[in-house]
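Have a look at the structure below before the remarks.
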Amino acid sequence: MQKTSIDASVEAICIKGCREVRRDIQLMEDGKTPPELTHHTKQAQQLILEELKVIMSVYGDNCRI
């Protein structure tokens with residue numbers, strides 16, 4: 001598993017915007033896989049989910065426009 005591939009996938013999800021990132025996090029927590037992550041293993045998907053949660057923790061519960 002290459003770190004650059006994980007970073008690229010995190011960036012691909014983040015570029016969609018705050019609300020979409022939150023939707024993808026919820027989707028992953030529900031056991032589903034966003035299209036950007038289908039090529040990753042479950043282990044890599046878990047790492048990406050954890051990274052997204054860390055990133056989004058800075059914003060609290062709200063997405064500002």
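Below, each value reflects all heavy atoms present in this structure, side chains not excepted, and no hydrogens, waters or symmetry copies.
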Distance, nearest 0.5 Å, that separates CD1 of I13 from CG of L27: 9.0 Å
Partner of T33 by side chain to side chain contact (heavy atoms under 4.5 Å, CB included), out of H39, M28, K42: K42
For E11, side-chain contact (heavy atoms from CB on, under 4.5 Å) partners two or more places apart: none
E50 with K53: basic N within carboxylate O range, under 4.0 Å: no
Shortest non-hydrogen contact between G60 and R22, atoms and distance: O-NH2, 2.5 Å
CZ on R19 to CG on N62, rounded to 0.5 Å: 9.0 Å
Donor-acceptor under 3.5 Å (Q45 side chain, H40 main chain): yes
Hphob cluster co-occupancy, V10 + Y59, side-chain heavy atoms under 4.5 angstrom: yes
Heavy-atom closest contact (E36 atom, A12 atom, distance): CG-CB, 4.2 Å
CG on L37 to CD1 on I48, rounded to 0.5 Å: 4.5 Å
Distance, nearest 0.5 Å, that separates CD1 of I25 from CD of E51: 10.5 Å
Cluster overlap I55 with V21, hydrophobic side-chain contacts below 4.5 Å: yes
